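For reference, the structure is listed below as structure tokens.
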2 protein chains.
Amino acid sequence: MLSTQPVSHEAGRQRQGRLWSNLKEVCELLHLPPVSLNTEELLFQHVQFKTGQRIHTIGQPFDMLYVVNSGFVKTVLIDEFGNEQVLAFPMKGDLMGVDGIHSKTYASEAVALSDCDLILLPFKKLTTLGRTHVELENMMYGVMSRELVREQAMIGMLGALSAEARVARFLVTLSDKFSQMGYSSKLFNLRMTRHEIGSYLGLTLETVSRTLSAFNEIGLISVDQRTIGIKDVDALKSLRRLPPSRTRSKLPSRAKAAAAASEATVPLLATL
Amino acid sequence: MLSTQPVSHEAGRQRQGRLWSNLKEVCELLHLPPVSLNTEELLFQHVQFKTGQRIHTIGQPFDMLYVVNSGFVKTVLIDEFGNEQVLAFPMKGDLMGVDGIHSKTYASEAVALSDCDLILLPFKKLTTLGRTHVELENMMYGVMSRELVREQAMIGMLGALSAEARVARFLVTLSDKFSQMGYSSKLFNLRMTRHEIGSYLGLTLETVSRTLSAFNEIGLISVDQRTIGIKDVDALKSLRRLPPSRTRSKLPSRAKAAAAASEATVPLLATL
DNA sequence: CGTAGTTTTGAGAGTCTTCAATTCGAGTGG
DNA sequence: CCACTCGAATTGAAGACTCTCAAAACTACG
């Protein structure tokens, strides 16, 4: 009903029947301090993909970075059995393709989850340009480093959090992202299936579904198919579980706050 | 007993009572095509850390990248409870500190697991230099991208593999790394505790211990405290489990090869 | 030769997965 | 316009894999 992506693309101008953006617009999209350059004439082309279309595949020669201007994408790894492992759900302002730099070949596959509009950043062009424009170069390193930090956080999450905590975090992150994009942070539509969410979080689709239902019953959220309403962000944010391994030996082993959330039989959390 | 790290550092020369390495040596260490530059005079300083010493902490201002020249390190994330989440075990030839570029502050903590020798790469110096030497610049991007791919693989592992498969992979990876470093790939010492391994793999120390014991009983490896002997690399490499989630709908649902490894009650699996 | 940390091993509990059935929703063709 | 079909989502029940708690053996170090 609401929070449908806008059809009009804020960034970009028409030219030769296509959309183009300049560096400044790209920087804004990436939430980076704008590179103050005389690069008004330096334009990057947009490309549109329809739902289900592949943006790039594993092994394909690398030459482009992509920035999502609108729409939703998933990036996946594919193992020797053909099983997908979702790595990320890039959306407006997210960068894709960095994993291709090293081997000059994309290491992951990107698929459009909705019709979307991407900005093409020819990697060669960027690096040559960065050589003369320090700011741009810093931007490049910065964005790559940011990606790395994001993945580190992901590893931390997969390695240490319970199913409930993972789903809660996922929702909070999505909520933030939506608000950041100018949509409602309280009510939004998931663009991915439970299966894809599960893959992303290292869970089965059933567990994802059950957890969402549980959150719903407790009143943390409202769920109707792919429409999610956030009702208690704070509770979601603080949803934790005792760490699975007793780490950091020297700590005053905190009492396992067996916080029974109301009388619900649902074994949810220690709101700390 | 064996495979103790060499006291002498292959790379590096004495000068002012300290060790220094040139760019070529650093590139070799990183397994990168040597940057053919007239940079004989461009030297990078070494630093030594003793077991347990902190190389950098979270939040500390970023200015250096580090390359491990000898010894063993762990990098960790620390959550709000003070719990450690091991991110990696950098060893000879590995790069550290990239996560600090983005926020100009290290995002992780690095601790020496053994006495070790690191090469300091002042980030500013590298980038300025890269501006004039394309090869060096490419190297920078390449190494960062490689790190990203490594972490992606880690995410895939944490999200999809069983405890046994994770431990098996860990051993194989270590074995490869050791052989790459010039040590025996068949017999080596772990430099980290079960607890650290568990944190790294998203398991408890008990599960790690039990899994190693199980591998031992089956004859895949020999275990004596921290000394590991690899006896059947291929079996370790092919150790898998049915994916936890039925992904990729359209596949001829492979029969769950209930391969009972010998008659052991140990539920160890589908050697494919 | 104690003391503390590491590792092993056991037993029980619990979370998450697996298998299965049902409902829901959208797209297609009659 | 409605029946039909297929994928997505929900829910239940049982089972499996790991975790938790606990105790003991071992190692290292002072």
Side-chain angles (χ1 to χ4, degrees), chain A residues 51-52 113 158-167 189-199 201-217 223-228 240-251 253 255-256 258 265-269, chain B residues 1 51-52 113-114 158-167 189-199 201-217 223-228 240-250 253-256 258 260 265-270:
Chain A
T51 307
L113 289 180
L158 291 176
L161 297 187
S162 68
E164 288 152 1
R166 292 182 206 184
V167 175
N189 285 307
L190 300 176
R191 301 317 200 292
M192 62 294 282
T193 66
R194 302 286 131 104
H195 180 226
E196 287 163 338
I197 297 174
S199 171
L201 299 176
L203 305 170
T204 59
L205 76 174
E206 293 97 331
T207 300
V208 173
S209 177
R210 267 187 260 270
T211 306
L212 289 176
S213 299
F215 286 172
N216 184 33
E217 284 181 40
V223 189
D224 176 42
Q225 295 293 120
R226 301 218 179 159
T227 302
I228 301 286
R240 293 281 144 60
R241 196 191 47 172
L242 291 317
S245 46
R246 25 203 186 309
T247 47
R248 271 264 154 129
S249 352
K250 315 273 152 56
L251 281 182
S253 66
K256 43 168 68 179
T265 59
V266 191
L268 277 173
L269 59 126
Chain B
M1 255 73 280
T51 307
L113 290 179
S114 71
L158 291 175
L161 298 186
S162 68
E164 287 152 1
R166 293 182 205 183
V167 175
N189 284 307
L190 301 175
R191 299 322 200 293
M192 61 295 282
T193 67
R194 302 287 130 103
H195 180 228
E196 287 163 338
I197 297 173
S199 171
L201 299 176
L203 305 170
T204 59
L205 76 174
E206 293 96 329
T207 300
V208 173
S209 177
R210 267 188 261 271
T211 306
L212 289 175
S213 298
F215 286 172
N216 184 31
E217 282 180 43
V223 190
D224 175 40
Q225 294 293 124
R226 301 217 179 159
T227 303
I228 301 285
R240 293 279 142 60
R241 194 190 50 173
L242 290 318
S245 44
R246 20 203 189 307
T247 48
R248 271 268 151 122
S249 356
K250 317 272 151 54
S253 66
R254 63 198 109 277
K256 42 168 70 178
T265 59
V266 190
L268 276 175
L269 48 141

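The figures that follow rest on heavy atoms only: side chains count, while hydrogens, waters and symmetry mates do not. Only a predicted model underlies this, so the values are computations on that prediction, with no experimental measurement involved.
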Expressed in angstrom and rounded to an integer, what is the separation of H195(A) atom NE2 from dC6(D) atom C1'? 16 Å
Expressed as a whole number of angstroms, how long is the span from N189(B):CG to dT6(C):C1'? 15 Å
Please list, pair by pair, any protein nitrogen or oxygen found under 3.5 Å from a nitrogen or oxygen in nucleotides 9-11 of chain C.
{"from": "dT9(C)", "atom 1": "OP2", "to": "S213(B)", "atom 2": "OG", "distance (Å)": "2.8"}
{"from": "dG10(C)", "atom 1": "N7", "to": "R210(B)", "atom 2": "NH1", "distance (Å)": "2.8"}
{"from": "dG10(C)", "atom 1": "O6", "to": "R210(B)", "atom 2": "NH2", "distance (Å)": "3.2"}
{"from": "dA11(C)", "atom 1": "N6", "to": "R210(B)", "atom 2": "NH2", "distance (Å)": "3.4"}

Provide, to the nearest angstrom, the distance between the CG atom belonging to L212(A) and the C1' atom belonging to dA8(D). 13 Å
Between CG on residue D224(B) and CG on residue N216(B), distance to nearest 0.5 Å: 9.5 Å
dist E217(A):CD -> L212(A):CG (nearest 0.5 Å) comes out at 11.5 Å
Between atom CZ in R226(B) and atom P in dT8(C), what is the gap in whole Å? 10 Å
How do V208(A) and T193(B) order along DNA chain C: which one's closest nucleotide is nearer the 5' end? T193(B)
So do the side chains of L203(A) and V167(A) get within less than 4.5 Å of each other, counting heavy atoms only? yes
Using whole Å, report how far CG of L161(A) lies from C1' of dC16(C). 15 Å
In this structure, how many angstroms lie between the C1' atom of dT10(D) and the CD atom of Q225(A), rounded? 9 Å
Looking at residues at least two apart in the chain, or sitting in another chain, which of them share a side-chain hydrogen bond (donor to acceptor under 3.5 Å, both in side chains) with S213(B)? none
What is the distance, to the nearest angstrom, from the CG atom on D224(B) to the C1' atom on dT8(C)? 12 Å
Whole angstrom value for the distance that separates C1' of dT6(C) from CD1 of I197(B): 12 Å
Any side-chain heavy-atom pair from R226(B) and T193(B) closer than 4.5 angstrom? yes
Just so I know, are the side chains of N189(A) and I228(A) near enough to count as touching, which here means a heavy-atom distance under 4.5 Å? no
